[in-house]
Amino acid sequence: MTPVTRVLVLNGPNLGRLGVREPEIYGADTFDDLAAAVDGWGRELGFAVEARQTDDEAQIVGWLHESVDTRSHVVLNPAAFTHYSYALRDAAAQVTTSGLLLVEVHLSNPHTRETFRHYSVVSGVATGTIAGFGFQSYRLALDAIAGKLSGAATER
Ligand code: DQA
């Protein structure tokens, strides 16, 4: 039997406040809504998806280590850590250099926002980045993982 594909969907600071936080940017739906959506999309793709959120940098670093140890691919919304956390970048690099996929996602498009959001310290070690599609960014990330894993047809 082929082993199940595990995907950790990791979310950084303030994303637990979805629904309350700047809804004009991040939408009216909550983190629980997001977790339910990614769980459903994961099931459709045959993935075991687990969505988590923390405001704590050390916690996300630990989860990235866990992804390496459990051979889980990662969808990562590093939130504000995107822009300055070299600890997160170094942990994300361990994921991709170990042969796992890590897709960086953002609900908003940081490039259309304040200048400090234009640079991601994570992008350089991610498999790819998807930004600006709200919750759909996560769906696109899961689809991208499925596409990559299903082989060479998409490798163009
Ligand atoms: C975000 C964009 C970041 O700049 C911001 O700090 C966030 C959320 C997004 O999903 O659009 O917290 O990662």
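Both counts, for ligands and for their atoms, begin at 1 and track the order of listing. Throughout, numbering of the chain's residues begins at 1 and tracks the sequence.
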- Using only heavy-atom distances, determine whether the side chains of Y26 and N14 contain a donor-acceptor pair under 3.5 Å.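 Their side chains do not contain a donor-acceptor pair, so the 3.5 Å distance test is not met.
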
For [X], does the [atom1] atom have more than 12 heavy-atom neighbours from other residues, nucleotides or ligands under 6.0 Å away?
X: Y86; atom1: OH; result: no
X: R52; atom1: CZ; result: yes
X: R43; atom1: CZ; result: no

Exercise. Considering distance alone, does some N or O of L15 sit under 3.5 Å from an N or O of ligand 1?
Worked result: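 Among all N and O atoms of L15, none is under 3.5 Å from an N or O of ligand 1.
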
Mind checking whether L107 has an N or O less than 3.5 Å away from an N or O of ligand 1?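 The answer is yes, given that L107 and ligand 1 share an N or O pair closer than 3.5 Å.
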
For atom 11 (O) of ligand 1, what is the nearest protein heavy atom, given as residue, atom name and distance?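 Answer for atom 11 (O) of ligand 1: S108 OG, 2.6 Å.
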
Interatomic distance, K148 atom NZ to T127 atom OG1 [nearest 0.5 angstrom]: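 Separation between the atoms: 7.0 Å.
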
H106 side chain to F133 backbone, donor-acceptor under 3.5 Å: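 No; judged by distance alone, with no hydrogens or angles, the pair does not exist.
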
- Carboxylate-amine/guanidinium proximity below 4.0 Å for E44 and R139: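 Between R139 and E44 there is a salt bridge, with a charged N closer than 4.0 Å to a carboxylate O.
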
With heavy atoms of [X] as the reference, note each atom of ligand 1 found under 4.0 Å away.
X: H83; value: 3 (C), 4 (O)
X: R117; value: 3 (C), 4 (O), 5 (C), 6 (O)
X: R21; value: 7 (C), 12 (O)

Give a yes/no verdict on whether any heavy atom in Y26 is under 4.0 Å from an atom of ligand 1.
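Per 4.0 Å heavy-atom rule, Y26 contacts ligand 1.
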
query = Is it true that N14 lies under 4.0 Å from ligand 1, counting heavy atoms only?
reply =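 Under 4.0 Å: no for N14.
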
Problem - Selected option - heavy-atom contact closest to atom 13 (O) of ligand 1, from H118, E114, H106 - result: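 Ranked by closest heavy atom to atom 13 (O) of ligand 1, first place is H106.
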
